[in-house]
Undergrad: 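First, the structure itself, so that you have it in front of you.
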2 protein chains.
Amino acid sequence: MDSPRSPGRPRSSVDAEIFAATLRTVHELGYTRATVDRIASAAGVAKTTIYRRWPSKGELIAACLSDAVGPLPASTGDPREAMATAIRWGAAKIGQPGIGAAFAGVFTDAVSDAALREVLVTQFQDPYRIALQDILGLPEKRVLFIVDVVIGTLLHRMGISGEPMVDDDVDTLIDLLGPLVA
Amino acid sequence: MDSPRSPGRPRSSVDAEIFAATLRTVHELGYTRATVDRIASAAGVAKTTIYRRWPSKGELIAACLSDAVGPLPASTGDPREAMATAIRWGAAKIGQPGIGAAFAGVFTDAVSDAALREVLVTQFQDPYRIALQDILGLPEKRVLFIVDVVIGTLLHRMGISGEPMVDDDVDTLIDLLGPLVA
DNA sequence: CGGTATCGATACCAGCGGTAGCGAAATGTG
DNA sequence: CACATTTCGCTACCGCTGGTATCGATACCG
């Protein structure tokens, strides 16, 4: 199942360093100024190595985010509490250095790039939506709406103010969405 | 008050054509591929003419959006109905061709550009927030939160699906935010 | 050993946002 | 009319960016 065939020199295991350098660079310089050249040199790696592993800057950032955010943690059976936990978890993730900016950047790249948009949907939208559907027991459209509200609100606040949402506003958001799972 | 002094050749009144060409180009090609060169040639104008009127691509798009969206229309005195009207108005505006994509693009440019971010805040955030505060009679922080939820949700849906929100979801959003003005 | 694939390095390309400099065309003023 | 002033379109240019091509060197497998 794992590596049935591998002729030739194996890939050096520097994915973690590349991901770390990506987040660090985006955090320091913002999405646009975090060029692939800079990310590569921050990771101690040649630019060609990055392009051998990911086909574009957008997909590199998406993979980096996927690695950094990880799957939705398991939660209690109570739907309302589960949604509150999920929202708090998402707000904390987006607030981590570099993640919010990277997300906003790759998101807006995706508006003009159908291929990247599909990567985003299959790599983020679908897994979290399915996990939430499982936990909350709601139809797909309703869960998609909740995702739009939560992620959209968090990203908008992050982009405008440069700071993640305060706990107080996250609580307000949770209270607001409560009726949708009742 | 108007043009007290004007030596030299006056500016040709092509702002409207430039704005129209900008929206059209963004709608057809997306924010990134809507280059200033293309916008200029679509408007029948030299690129230098555009840069003589706006200092950057981001500020051109912001001015174009400001012109296209316009001020929040007056509304009834009932806060709840006023908010519903405002949300529906915003959803309709963001759904118009080019506007949603332009907004998402300039928004994410602003994440990496403090100057553009300030233009965005003073040109959009402040006026609509103040108008809403006036109508809804709520404190600034609460109105800012509402703006984050509404604009964030609309832009996220627009960016992911490429289509504006359906009326059904807009109604759900309105119902959701109802408690905040009660 | 040979075959294969990755490595860093370098050079390169097209396209982008933005600027400089040109002569020509409009204006108001004397 | 001449003149100063400003904008016009045009062309050329700059630095940077995402992305590609090519190279010899290196690491693995059989």
Side-chain angles (χ1 to χ4, degrees), chain A residues 2-18 21-22 25-26 28-64 102 105-106 108-113 115-116 119, chain B residues 2-18 21-22 25-26 29-64 102 105-106 108-116 119:
Chain A
D2 53 341
S3 68
R5 229 125 296 280
S6 49
R9 175 175 177 172
R11 288 194 170 169
S12 66
S13 52
V14 289
D15 282 24
E17 280 86 348
I18 295 176
T22 300
T25 309
V26 169
E28 287 169 1
L29 303 175
Y31 184 84
T32 306
R33 267 175 294 224
T35 65
V36 180
D37 275 298
R38 271 192 263 255
I39 291 172
S41 92
V45 154
K47 186 168 69 159
T48 45
T49 297
I50 288 186
Y51 277 104
R52 204 175 291 113
R53 302 182 183 210
W54 300 277
S56 67
K57 173 181 174 177
E59 297 215 27
L60 161 66
I61 310 273
C64 172
V106 73
T108 310
D109 268 14
V111 176
S112 310
D113 183 343
L116 182 57
V119 169
Chain B
D2 52 340
S3 69
R5 226 126 293 283
S6 50
R9 174 175 178 172
R11 287 196 170 168
S12 66
S13 52
V14 288
D15 282 24
E17 280 86 348
I18 295 176
T22 301
T25 309
V26 170
L29 304 176
Y31 184 84
T32 306
R33 268 175 293 223
T35 66
V36 179
D37 276 297
R38 272 192 262 255
I39 292 172
S41 93
V45 154
K47 186 168 69 160
T48 44
T49 298
I50 289 186
Y51 278 103
R52 206 175 288 114
R53 302 182 183 209
W54 299 278
S56 69
K57 173 181 175 179
E59 297 214 27
L60 161 67
I61 310 271
C64 172
V106 73
T108 309
D109 267 16
V111 176
S112 310
D113 183 343
L116 182 58
V119 168

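In what follows, chains carry the letters A, B, and so on, assigned in the order in which the sequence lines appear, proteins first and then strands, with residues in each chain numbered from 1.
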Undergrad: Give the rounded distance in Å between these two atoms: CD1 of Ile61(A) and C1' of dT17(D).
TA: 14 Å

Undergrad: Roughly how far, to the nearest 0.5 Å, is the CG atom of Asp15(B) from the OG1 atom of Thr22(B)?
TA: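 Here the interatomic distance stands at 10.0 Å.
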
Undergrad: Write down the distance between OH (Tyr51(A)) and P (dG8(C)), rounded to a whole number of angstrom.
TA: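 Tyr51(A) atom OH is separated from dG8(C) atom P by 15 Å.
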
Undergrad: Starting at NZ of Lys57(B) and ending at C1' of dT19(C), how long is that distance when rounded to a whole Å?
TA: 18 Å

Undergrad: Rounded off to whole Å, could you give me the CZ-to-C1' distance for the Arg33(B) and dT17(D) pair?
TA: 16 Å

Undergrad: For nucleotides 20-30 of chain C, print each protein N/O atom paired with a nucleotide N/O atom at under 3.5 Å, atom names and distance only.
TA:
residue: dA25(C); atom: N3; partner: Arg9(B); partner atom: NH1; Å: 3.3

Undergrad: Hey, could you give me the OH/CD1 distance between Tyr31(A) and Ile61(A), rounded to the nearest 0.5 Å?
TA: 5.0 Å

Undergrad: Give the rounded distance in Å between these two atoms: CD1 of Ile50(B) and C1' of dC10(D).
TA: 14 Å

Undergrad: Run the numbers on Ile18(B) and Leu60(B) for side chain to side chain contact (heavy atoms under 4.5 Å, CB included), then give the verdict.
TA: CA-CA 9 Å; Ile18(B) 295 176; Leu60(B) 161 67; 4.0 Å; yes

Undergrad: With the side chain counted from C-beta on, respond yes when Val14(B) and Arg53(B) share a heavy-atom pair under 4.5 Å apart, and no when they do not.
TA: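 Yes. Closest side-chain heavy atoms under 4.5 Å.
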
Undergrad: Can you check the Arg11(B) CZ to dC8(D) P distance for me, whole Å?
TA: 6 Å

Undergrad: Extract all donor-acceptor atom pairs below 3.5 Å that involve side chains of residues 38-52 of chain A and protein atoms in other chains or at least two apart in sequence.
TA:
residue: Arg38(A); atom: NE; partner: Arg33(A); partner atom: O; Å: 3.0
residue: Arg38(A); atom: NH2; partner: Arg33(A); partner atom: O; Å: 3.3
residue: Ser41(A); atom: OG; partner: Arg38(A); partner atom: O; Å: 3.4

Undergrad: Whether Arg53(A) contacts dA5(C) is assessed here as follows: a side-chain N or O lying under 4.0 Å from the phosphate OP1 or OP2. Is that the case?
TA: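 No, outside the criterion.
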
Undergrad: Considering only side-chain heavy atoms of Val36(A), which listed nucleotide, dG18(C), dG18(D), dC8(D), is closest?
TA: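 Looking only at heavy atoms from C-beta outward on Val36(A), the closest nucleotide is dG18(D).
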
Undergrad: Provide, to the nearest angstrom, the distance between the CG atom belonging to Asp37(B) and the C1' atom belonging to dC16(C).
TA: 8 Å

Undergrad: If each of Val14(B) and Thr32(A) is mapped to the nucleotide of DNA chain D with the nearest heavy atom, which maps nearer the 5' terminus, i.e. the 5' end?
TA: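 Residue closer to the 5' terminus by nearest nucleotide: Val14(B).
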
Undergrad: Looking at residues at least two apart in the chain, or sitting in another chain, which of them share a salt bridge (Lys or Arg N to Asp or Glu O under 4.0 Å) with Arg9(B)?
TA: none

Undergrad: Do the non-hydrogen side-chain atoms of Val119(B) and Val106(B) ever get within less than 4.5 Å of each other?
TA: no

Undergrad: Rounded to the nearest angstrom, tell me the gap between atom CH2 in Trp54(B) and atom C1' in dT7(D).
TA: 14 Å

Undergrad: By nearest nucleotide on DNA chain C, pick out whichever of Thr35(B) and Lys47(A) is the more 5' one.
TA: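 Result: Lys47(A).
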
Undergrad: Quick check for you: among dC8(D), dG18(C), dG9(D), whose closest atom lies nearest to any side-chain atom of Thr49(B)?
TA: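 Closest nucleotide to the Thr49(B) side chain: dG9(D).
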
